[in-house]
Amino acid sequence: MKIATWNINGVKARIENLLHWLGEAEPDIVCLQEIKSVDEQFPREPVEALGYHVETCGQKGFNGVAILSKLRFDEVNRGLPGDGEDVQARFIEGVFSTASGVLRVVSLYLPNGNPVASEKFSYKLGWMKRLEGWTRERLTLEEPLVLAGDYNVIPEPEDARDATAWVDDALFRPESRQSFRRLAHLGMTDALRAVSDEKDVYTFWDYQGGAWQKNNGIRIDHLMLSPEAADRLSAAAVHKHTRAWEKPSDHVPVVAELAFEAA
DNA sequence: ATGGTCGAAGGTCGA
């Protein structure tokens, strides 16, 4: 089973690229971020025509996450618990039945957090703390769990072409990296790093400054796996070629292959 | 030193 994450930076602007990639990559479950659309305006018909069920957690103008799945949803949960004031659409969980048992998949869009000297950074760190608590609870279920999304965290210096350029950025601040490590230390495995220690592997290249042409990228889109999911991991890859397409997203898909059979 | 690119908007904000 192929499970993917992709920040598509606007589903309406990216629908042709999305449909093309779905046909080419044939993922079973896709976690989307930054759909930048309310639920009613998500172009679900062409996606459903390819055999996907669609669940969205949208919002007007920005943010917004979704899960596309060839498996039927048994359950859907929207929003990261722990802050009743937080109205930003950044978290959706789907629960599925497979022949190999239950599978839980989250599409998350972690706050960017810039500028650091603002409430946006404390919002980011608070959100990460809530994610850590939520994950700790879910792990007690001892089920396969995939936390897939745009984490807006560069975990290590080798995850940036030029880490020195990011030292004062919320994506690479020690507090952000430390919080990401706390999540890993709960027992969550970084799928890509579990199969490869290859350098110069990035998932985001800024539209500005010719970042793509210079391969000035960062790795911030991750699939984090519970032990029961990591045990089934056989492969993981970054679909870099999509960044060279016409009208690309600034992020590319990351895909993990897990040994699950559809129910 | 400045502005450099996009998307969702239909002015500007978020990234």
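Chain A is the first sequence line, chain B the second, and so forth, proteins listed ahead of strands; every chain is numbered from 1.
For the pair A:Arg14 CZ and B:dA15 P, the computed distance is 16 Å after rounding to whole Å. Per the geometry, OH belonging to A:Tyr207 stands 13 Å off C1' belonging to B:dG14, to the nearest Å. Atom CD1 of A:Ile8 is separated from atom P of B:dG14 by 21 Å (rounded to the nearest Å). If you measure from atom NZ of A:Lys214 to atom P of B:dG4, you get 15 Å, rounded to the nearest angstrom. At whole-Å resolution of the value, CD in A:Gln88 and C1' in B:dC13 are 13 Å apart. As rounded to whole Å, 11 Å separates atom P of B:dA9 from atom CD of A:Gln59. A:Phe204 places its CZ atom 14 Å from the P atom of B:dT5, with the value rounded to the nearest Å. We find that CG of A:Asn63 is positioned 15 Å from C1' of B:dA9, with the value rounded to whole Å.
Ring geometry, A:His53 versus A:Phe73: the interplanar angle exceeds 60°, so the pair is classed perpendicular (tilted spans 30 to 60°). Note: A:His241 and A:Trp245 have perpendicular aromatic rings, judged against thresholds of 30 and 60 degrees for the angle between ring planes.
Going from the P atom of B:dA9 to that of B:dA15 covers 16 Å, rounded to whole Å. Comparing the same atom, P, in B:dC6 and in B:dT2 gives a spacing of 23 Å after rounding to whole Å. Across the P atoms, B:dG3 and B:dG7 are found 22 Å apart, a figure rounded to whole Å.
With B:dG14, B:dA8, B:dG7 as the choices, the nucleotide that has an atom nearest any side-chain atom of A:Lys12 turns out to be B:dA8. The listed nucleotides are B:dG7, B:dG4, B:dG14; the one nearest the side chain of A:Gln208 is B:dG4. Of all nucleotides listed (B:dA9, B:dG7, B:dA15), B:dA15 comes nearest to the side chain of A:Asn112. Minimum atom distance to the side chain of A:Lys36 is reached by B:dG14, of the listed B:dA9, B:dG4, B:dG14.
At a threshold of 4.0 angstrom between heavy atoms, the contacts of A:Gly209 with the nucleic acid are absent. No engagement by A:Arg243 is indicated, since no non-hydrogen atom pair under 4.0 Å with the nucleic acid exists. Within 4.0 Å of A:Tyr109, counting heavy atoms only, lie sugar-phosphate atoms of the nucleic acid but no base atom.
Place A:Asn114 and A:Ala13 on DNA chain B by their nearest nucleotides, and A:Ala13 ends up nearer the 5' end. Between A:Ser37 and A:Asp250, the one whose closest nucleotide on DNA chain B sits nearer the 5' end is A:Ser37.
Salt bridge annotation for A:Glu55-A:Arg78: present, with a cationic side-chain nitrogen under 4.0 angstrom from a carboxylate oxygen. The existence of a salt bridge linking A:Glu26 and A:Lys2 is excluded, since no basic side-chain nitrogen approaches an acidic carboxylate oxygen closer than 4.0 Å. At a threshold of 4.0 Å, the pair A:Asp83-A:Lys129 does not count as salt-bridged, since none of the basic side-chain nitrogens sits closer than that to a carboxylate oxygen.
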